Asker: 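Input: one structure, supplied below.
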2 protein chains.
Amino acid sequence: MEVAGLLRHGVEQQLREAADLSYVQFQLLARLGLDAPAGSLRMTDLADGLVHSRSGLTYQAGLLEQAGLVTRAPSPDDERSIMVTITAAGRRRLGDVLPGHVDVLREMFLAPLGDEGVHALASLLAPVRDHMRASPPRSATRRRRTAPPEG
Amino acid sequence: MEVAGLLRHGVEQQLREAADLSYVQFQLLARLGLDAPAGSLRMTDLADGLVHSRSGLTYQAGLLEQAGLVTRAPSPDDERSIMVTITAAGRRRLGDVLPGHVDVLREMFLAPLGDEGVHALASLLAPVRDHMRASPPRSATRRRRTAPPEG
DNA sequence: TATTGTTATACTCTATAACTATA
DNA sequence: TATAGTTATAGAGTATAACAATA
């Protein structure tokens, strides 16, 4: 947890200073610009795994739209859905931060880990990630030992 | 990062629901109650590694004090320092959450990892943690590739 | 002058609930 | 009735800068 916390802090600083992006904003942008085939995704698909509430995504996507880095338009397929699309400016911004972002990752995390360590870590954590994705996130909620102090 | 994020989210939920503690508050309490010999530490030592700003610690310690879980008193040795001490109520609260906390850790993280995995992970990450602690946290700041958009 | 800690302030982010609209 | 998304709102947490006091 300490490693992840320090890494995240370092990453957030670089993203903020180099491109004025929050961590979530960067991830949304990266998902659109690097993973999404046509540079667009439905809000829900975009949110997947990045945010814990719908409104949180609306908020962050709104900021990206205000900054001109994405556009939002109703989907032709399903009129309930909104397609979020990365703009040219968004791709530019993403390209601008990416090298520095990778630098931070490498210097803080990948270098001390070494190539072998990186692979070992990935093998170790992949099943954990799958387990976490699969299990109901509320399991922790139901299984408390002590009664809440409210009653 | 995803594993750490999900784990932290699960942990935070349990801490909040079982004992009305934030993650940081729990860590402060744990450091005082489990690590500190006499249950007390100077503010600065208490903060070490848990918080990224002094005021952040003052805020969290203030909440703990309000809740009667710690006390704050000037240090006899150095009158600039404040000794934070866990109270009986604080130890009780800590004892109340701890079992559930460990449950969450085990179910989300330790179990899917397995005993061997836990050890392997610890060996892998220990040097990374040391590297991160040692290297100036601002390295990311100075090493930016793109000029900040301000000027 | 450097260190310890607090305060004032402003801001970012998150989450819940109520709501609209489409399927 | 369920799904997609927004909005209103409220609260928690964080950080910066200015500050007071001690070393």
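These figures come from a predicted structure and were not determined experimentally. Chain letters run A, B, ... following the sequence lines, proteins first, then strands; residues in each count from 1.
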Asker: For A:Y59, what are the other residues in its hydrophobic cluster, where any two members join if their side-chain heavy atoms are less than 4.5 angstrom apart?
Answerer: A:L63

Asker: Using every non-hydrogen atom in the two residues, find where A:V97 and A:A18 come nearest and quote the distance to one decimal.
Answerer: CG1-CB, 4.0 Å

Asker: Could B:R93 and B:D96 be called an ion pair, given the rule that one side-chain N must be under 4.0 Å from one carboxylate O?
Answerer: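 B:D96 and B:R93: not salt-bridged.
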
Asker: Using atom CG of B:L28 as one end and atom P of D:dG13 as the other, report the distance to the nearest whole Å.
Answerer: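 From B:L28 CG to D:dG13 P: 11 Å.
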
Asker: How close do B:T87 and B:G68 get, heavy atom to heavy atom, and via which atoms?
Answerer: OG1-O, 2.7 Å

Asker: Is there a side-chain contact between A:T58 and A:M43 (heavy atoms, below 4.5 Å)?
Answerer: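 Yes, side chains in contact.
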
Asker: Excluding sequence neighbours, so at least two apart, what forms side chain to side chain donor-acceptor pair (under 3.5 Å) with A:D48?
Answerer: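 None.
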
Asker: Would you mind reading off the distance between A:I82 atom CD1 and D:dT7 atom C1', rounded to a whole angstrom?
Answerer: 14 Å

Asker: For the helix from C:dT1-D:dA23 to C:dA23-D:dT1, what angle lies between the axis at the first five pairs and the axis at the last five pairs, to 10 degrees?
Answerer: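 End axes: 0° apart.
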
Asker: Over all heavy atoms of both residues, which pair between A:T85 and A:S40 is shortest? Give the atoms and the distance, please.
Answerer: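 So the minimum-distance heavy-atom pair works out to OG1-CB, 3.1 Å.
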
Asker: If I take atom CG from residue B:D35 and atom CD from residue B:Q27, how far apart are they, to the nearest 0.5 angstrom?
Answerer: 10.0 Å

Asker: Report the distance from atom OG1 of B:T71 to atom CD of B:E65, rounding to the nearest 0.5 Å.
Answerer: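 Rounded to the nearest 0.5 Å, the OG1-CD separation comes out at 7.0 Å.
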
Asker: With 3.5 Å as the limit, what N/O pairs link the protein to nucleotides 19-23 of chain C?
Answerer:
from: C:dA23; atom 1: OP1; to: A:E79; atom 2: N; distance (Å): 3.2
from: C:dA23; atom 1: O4'; to: A:R80; atom 2: NE; distance (Å): 3.4
from: C:dA23; atom 1: O4'; to: A:R80; atom 2: NH1; distance (Å): 3.3

Asker: Below 3.5 Å between N/O atoms, which protein atoms pair up with nucleotides 10-14 of chain C? Just atom names and distances, please.
Answerer:
from: C:dC13; atom 1: OP1; to: A:R16; atom 2: NH2; distance (Å): 2.9
from: C:dT14; atom 1: OP2; to: A:Q60; atom 2: NE2; distance (Å): 3.1

Asker: Return the minimal non-hydrogen interatomic distance between A:L28 and A:A61, and the atom names on each side.
Answerer: CD1-N, 4.5 Å

Asker: Taking only N and O in the side chain of A:R72, is any of them less than 4.0 Å away from OP1 or OP2 of D:dT6?
Answerer: yes

Asker: If you compare all heavy atoms of A:R31 against all heavy atoms of A:L46, which two are closest, and at what distance to 0.1 Å?
Answerer: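 Reported closest heavy-atom pair: NH1-O, 3.1 Å.
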
Asker: Measure the CZ-CG distance between B:F26 and B:L21 for me, rounded to the nearest 0.5 Å.
Answerer: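 Between B:F26 CZ and B:L21 CG, I get 8.0 Å after rounding to 0.5 Å.
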
Asker: Can you list, by residue number, the residues of residues 37-46 of chain A that have a non-hydrogen atom closer than 4.0 angstrom to DNA chain C?
Answerer: none

Asker: Give me the one residue out of A:Q14, A:R16, A:R8 that meets side chain to side chain donor-acceptor pair (under 3.5 Å) with A:E12.
Answerer: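 Of A:Q14, A:R16, A:R8, side chain to side chain donor-acceptor pair (under 3.5 Å) with A:E12 is met by A:R8 alone.
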
